[in-house]
Amino acid sequence: MGNCLTLNSSGTAALPMNTNFKLASPLPSWPPGNGFASGTIDLGGLVVSQTSSLTKVWATMEGGPDNLGASFYESSPLPDGFYTLGSYARPNNQPLTGWILVGKDNSSAALKPPVDYTPVWNSEALTLKKEGNGYIWYPVPPDGYKAIGYIITNSPNKPPLDTVRCVRANLTDQCEADTWIWGQDSIGINLFTSRPSTRGLQAQGVSVGTFVASIPGATTPSLSCLKNNGNISSNMPTLDQIKALFEAYSPYIYFHPDEQYLPSSVNWFFSNGALLYHKGDESNPVPVQPNGTNLPQGGPNDGEYWLDLPQDKAGKDRVAKGDLLSAEAYLHVKPMLGGTFTDIAVWLFYPFNGPTRAKVKFVKNIKLGRIGEHVGDWEHMALRISNFNGELNKVYYSEHSGGTWVDASNLQFISGNKPVGYSSLHGHAMYSKPGLYLQGSDGIGLRNDAAESEMTMDTGVRYSVVAAEYLENGIVEPPWLNYARKWGPKIDYDTKSELKKIEKFLIGMLKSEFKKIVESLPDEVLGEDGPTGPKMKNSWSGDEV
């Protein structure tokens, strides 16, 4: 792809455009239906389009992530009838995968130019490596309007007022800083990506792709996100489109070569002796029917019911190991960021979570006895897909009580655009790359080992869409999804005696460092305690952590 030279907002020559990151394979043609992948979304009077046509305005080669600097862009060329809402910034330690929303007025005065610009910051006093000087400007909105993004120029002159548009206040929402882009206190500014402050199934806030600034010791002018006042579901994929999307992006998962506890389908777990216990009648557990038709529905997680493995040792050991051949991916499809993106949460069920291991300096592999074991384990990844064009934007990897979003440019792909995931040994936390992930610091913590093996799962082979609320009557949720209690029993045991078995192998400082690890362990690790199911997680109706 060739570079191009265009004029930036200040009327001077911009720097050459960077080549954009592309997915491993071209996007397929999605099945027709509704407004999904139509290129534009009507937010209820303001039509927006997602553009990756970006022309570089200014760059610095120091500061920010990995001290590699950042590059700043404007939308150029603009689609006919659309206006810039702000500039875009990207850290130089990542490929250019950028997009930014541009807007077109579809009602009476949804957009207006600013009445002036306020200088926010400039690089003139900086001695770090840079391509000329950069200037950040705040568009001062007219009454009843909000600024959505700053404007970057490479000239000290104010940009023309016609460069950018402000948005009518009722079409905006509150936003917050998200991921660090560039800067440091010594530079006098820090820049972050922005996102809506409220996110979830019904939240109306829309990410624009602009950046926000923080200046030490000063108050920076506030920016807003956009708000979808229209029908959030109108640009969501149909069931046929969901299937096409998942066929294109279904994750390919590697299990550790030493993994003993593999996933299974929920129905396999039920059909192979899983038992339902009722408090006060523990001596009479009931076999769970296929698909969980006899599980109590809804209600609070009150400890009245729980699931467990078969009672006989042979059955218990066999079911705990799972059954990879039956394993199935369970999909929850939901609108995110005001219906401009679709999240496909990909849930896997493991009948058993194995014991935890630790690392203490040069003692690399300390087995923690029963600590970390529990019946039932739900783990997931989430695909975030643009509703403008159906392109995969990023993937979320769940990691115990948290997780990590990974941009598409940093993913490993297989068989086209299928992102790869690695399930960690025994604990089944999900990671985007193999290696040792230590929960701790300074060489001390709990081990999460991820590696390739011949044990794999292409989630696109066996999957079912278990929930997509916006389709209303389109999906029948399985009974087990609305079981609100634990998928495993709570078993208290003498944690101290378990740890004493390990401490005797450590000496001096290592023993005290090991005690610090144990004191930092979450309650669910100290003693067996089964998890609740996917629908009971905060991420079900909200955003990922």
Side-chain angles (χ1 to χ4, degrees), residues 20-43 47-53 79-80 82 97-102 104 106 201 206-207 209 228 230-252 328-347 380-396 405-409 411 413-421 458-475:
N20 244 35
F21 164 81
K22 297 292 183 185
L23 289 173
S25 297
L27 296 184
S29 296
W30 308 115
N34 295 346
F36 177 75
S38 64
T40 61
I41 293 177
D42 189 339
L43 302 180
V47 175
V48 290
S49 179
Q50 186 185 79
T51 179
S52 295
S53 181
D80 289 343
F82 284 82
T97 59
W99 59 265
I100 196 165
L101 297 189
V102 292
K104 180 170 70 173
N106 196 35
L201 274 171
V206 173
S207 286
N228 190 347
N231 182 354
I232 289 178
S233 301
S234 62
N235 288 80
M236 290 293 291
T238 64
L239 186 56
D240 285 343
Q241 289 168 338
I242 291 170
K243 293 175 180 177
L245 288 167
F246 200 63
E247 286 172 8
Y249 302 131
S250 50
Y252 191 89
E328 185 175 355
Y330 302 104
L331 311 186
H332 177 213
V333 187
K334 60 182 181 178
M336 285 300 298
L337 303 177
T340 56
F341 284 85
T342 292
D343 274 13
I344 301 180
V346 185
W347 289 92
H380 76 288
M381 296 168 62
L383 312 172
R384 180 153 291 175
I385 298 164
S386 168
N387 286 348
F388 291 95
N389 54 17
E391 184 171 356
L392 179 67
N393 179 250
K394 53 186 175 181
V395 175
Y396 180 81
W405 279 109
V406 179
D407 193 273
S409 63
L411 293 170
F413 291 97
I414 194 171
S415 301
N417 293 332
K418 292 176 178 288
V420 173
D458 182 347
T459 57
V461 173
R462 286 177 301 279
Y463 72 92
S464 57
V465 181
V466 296
E469 290 88 347
Y470 72 92
L471 290 177
E472 297 178 348
N473 298 325
I475 302 296

Nearest non-hydrogen partners of P335 and I232, listed with the distance: CB-CG2, 3.8 Å
Pair L411-L392, side chain to side chain contact (heavy atoms under 4.5 Å, CB included): steps then yes or no: CA-CA 11 Å; L411 293 170; L392 179 67; 4.2 Å; yes
Q241 side chain to G33 backbone, donor-acceptor under 3.5 Å: yes
Over all atoms of both residues, closest heavy-atom pair of Y249 and W30: OH-CZ2, 3.9 Å
pair N393-S386: side-chain heavy atoms closer than 4.5 Å: no
Main-chain N/O of K334 paired to D343 side chain as donor or acceptor, under 3.5 Å: no
H380-Y330 aromatic ring centre distance below 6.0 Å: no
Shortest non-hydrogen contact between L383 and P419, atoms and distance: CD2-CG, 4.1 Å
OG-CG distance between S233 and N34, expressed to the nearest 0.5 angstrom: 9.5 Å
Within-4.5 Å side-chain heavy-atom neighbours: S464 and E328: yes
Shortest non-hydrogen contact from I475 toward A468: CG1-CB, 4.1 Å
Minimal non-hydrogen separation, G460 against F246, with atom names: CA-CE2, 3.9 Å
Exam field: side chain Y470 to backbone P237, donor-acceptor pair closer than 3.5 Å: yes
Interatomic spacing from CD1 in I41 to CZ in F388 - rounded to 0.5 Å: 4.0 Å
Test log, rule side chain to side chain contact (heavy atoms under 4.5 Å, CB included), inputs K394 and F341: CA-CA 11 Å; K394 53 186 175 181; F341 284 85; over 6 Å; no
V465 and V333, any side-chain heavy atoms less than 4.5 Å apart: yes
V206 side chain near L101 side chain, heavy-atom distance below 4.5 Å: yes
Value rounded to 0.5 Å, distance of CG in N231 from CE in M236: 11.0 Å
Side-chain donor-acceptor pair present, S409, D407, cut-off under 3.5 Å: yes
Heavy-atom check, side chain of I100 versus side chain of T51, under 4.5 Å: yes
From CA spacing to verdict: side chain to side chain contact (heavy atoms under 4.5 Å, CB included), L331, V466: CA-CA 6 Å; L331 311 186; V466 296; 5.8 Å; no
Any donor-acceptor N/O pair, N389 side chain to E391 backbone, under 3.5 Å: yes
Backbone of T40 reached by a side-chain donor or acceptor of S38 within 3.5 Å: yes
For S250 against D458, the heavy-atom pair lying closest together: OG-OD1, 3.7 Å
Full working for side chain to side chain contact (heavy atoms under 4.5 Å, CB included) between N417 and S25: CA-CA 6 Å; N417 293 332; S25 297; 3.8 Å; yes
Heavy-atom side-chain proximity of L337 to R384 below 4.5 angstrom: yes
Side chain to side chain, T238 and P31, heavy atoms closer than 4.5 Å: no
Rounded distance (nearest 0.5 Å) linking atom CG of L245 with atom CG of D240: 11.0 Å
Residues that T342 engages under side chain to side chain donor-acceptor pair (under 3.5 Å), provided they are two or more places apart: N387
